[in-house]
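Below is one structure; the comments refer to it alone.
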Amino acid sequence: MSDVADRVKKIVVEHLGVEESKVVDNASFIDDLGADSLDTVELVMAFEEEFGIEIPDDAAETIQTFGDAVGFISNANA
Amino acid sequence: MRRVVVTGLGLVTPLASGVEESWRRILDGQSGAGKISRFDASHLATDYACEVPHGDGTDGTFNPDDWMAPKDQRKVDTFILYGIAAAAQAVEDAGWTPDDRAELDRTGVLIGSGIGGLNSIAETALVLRDRGPRRVSPFFVPGALINLISGQVSIRYGFRGPNHSVVTACSTGAHAIGDAARLIRDDDADVMIAGGAEASISEIGIAGFNACKALSTKRSDEPTKASRPYDVDSDGFVMGEGSGIVVLEEYEHAKARGAKIYAEVIGYGLSGDAYHITAPSEDGDGAERCMRMALKKAGLQPSDIDYINAHGTSTMADKIELGAVERMMGDAADKVTMSSTKSMTGHLLGAAGAIEAIFSILAIRDQVAPPTINLDNPAVETKVDLAPNAKRERKINVALSNSFGFGGTNASVIFRKVD
């Protein structure tokens, strides 16, 4: 697993209080990991913070799963 | 008329987390004051307060994890955490966790705070200034709003009845209990979770009350001696924090389910001073009218009152309240015991009226008046027994609890023993 994925996973586990094993590529923050809409806003803020990037609101709306997040951040960092 | 009784209690105080442990230490005359531990207060005019003792949950310490998942604690200001903890204790004590939709619809929540998420607001303002609006947490607003204890408690237990809150500075807790009792009496609910919470021991909180010249500043060497109502050496109040929550219930409803009944809420009075934003009216008229209204609603004579839990903050206002009590009590002034538990807890602002209502209820249960500690050299001459430095075992059928707040807002609640 990439460094980005590890760091994203750590944030998700910490913010949503979920088991690490549940944080898989197609795990939806809202449907599978118990997040509500405010949690997802906070998650995106935490990603921005961790990776020093800006995730515009319209892009944030496309980040629904752990895999989406890792993909977006990897591209943004590339 | 529908009668309202108290069937559950919850406390998070500077003495302990938990009703019985807090009460034991109160009767023992212990002080909850000490040097401020949660932040560096060395540059403030006051560097001591009555902090809730945080710990692993043993020996009366408050363990946040016992009451809320760590991931959720980040989303709320500490006053909400204290409120949820005290509410959980009260609900458990009352044994009131119905599944039935109709019962849930008839159970409401009315919990207030004097200031609410003051520290969250201060910290978020710094985030906004230093790092910009995109760094402001989505949980900032719902984590700081005063009515969000009521919201959180209703969500946790599914209580779908009236969901309300009170903000009347240091009268908040008393107003919450009085208003909630009225909602039950008026048949808007059968059960209400009511009280107050506060957590303003923060840099901005202390600085703000220091600026008002309201806090004690002279006892940095001996914080436990700083809160000393009616004593010649009192020099301001000591800030406290925590929460007091009661479960109020319609009498027949409580009886039908075999609930433990602590006391009945029989009187509630409210008044305004119309005088000054921080100082009480010097003639004590607002306080007196407030107590008289509560007495009238209770259908009692002054001589029926056995115990008064004073507002007694360890400020110049103590004498004004005492004068009002003496006038109201008249010839019966020498029969009543009045004490200030703030001498031990400090002043919990919006939670004060609620924790003091609970101490009044426990005074009825155990037939003992808590002491006023640090009353070494009385600044007052009075026939009223102020229970100086020792609890007073005595008959207590009726107890009155006073709360007065900035803005000139007054509340008195009267409780009676239920046989």
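We name chains A, B, ... by the order of the sequence lines, and we start the count at 1 in each one. Because only heavy atoms are used, hydrogens play no part in the values below, and waters and symmetry mates are left out as well, while side chains stay in. Computed from a prediction, not measured in an experiment: that's the story for all the values here.
- Contact annotation for B:V141: neither backbone nor side-chain heavy atoms come within less than 4.5 Å of a heavy atom of chain A.
- Between B:F139 and A:D39, some side-chain heavy-atom pair lies under the 4.5 Å cut-off.
- Between A:I55 and B:R134, the shortest heavy-atom distance links the atoms O-NH2, 3.0 Å.
- In this structure, the portion of B:R131 lying under 4.5 Å from any heavy atom of chain A is its side chain and not its backbone.
- Annotation for A:H15 and B:K71: closest pair O-CB, 3.8 Å, computed over non-hydrogen atoms.
- Residue B:I204 qualifies as open at atom CD1: its count of foreign heavy atoms under 6.0 Å is 12 or below.
- Within 6.0 Å of CG in A:D31 there are more than 12 heavy atoms belonging to other residues, nucleotides or ligands.
- Within 6.0 Å of atom CD in A:E50, more than 12 heavy atoms from other residues, nucleotides or ligands are found, so the atom counts as buried in its surroundings.
- Taking every heavy atom of both residues into account, A:L38 and B:P138 meet most closely at O-CG, 3.4 Å.
- Between A:E42 and B:S137 the shortest heavy-atom distance is OE2-OG, 4.0 Å.
- For A:E54, the CD atom counts as densely surrounded, since its 6.0 Å shell holds more than 12 non-hydrogen atoms of other residues, nucleotides or ligands.
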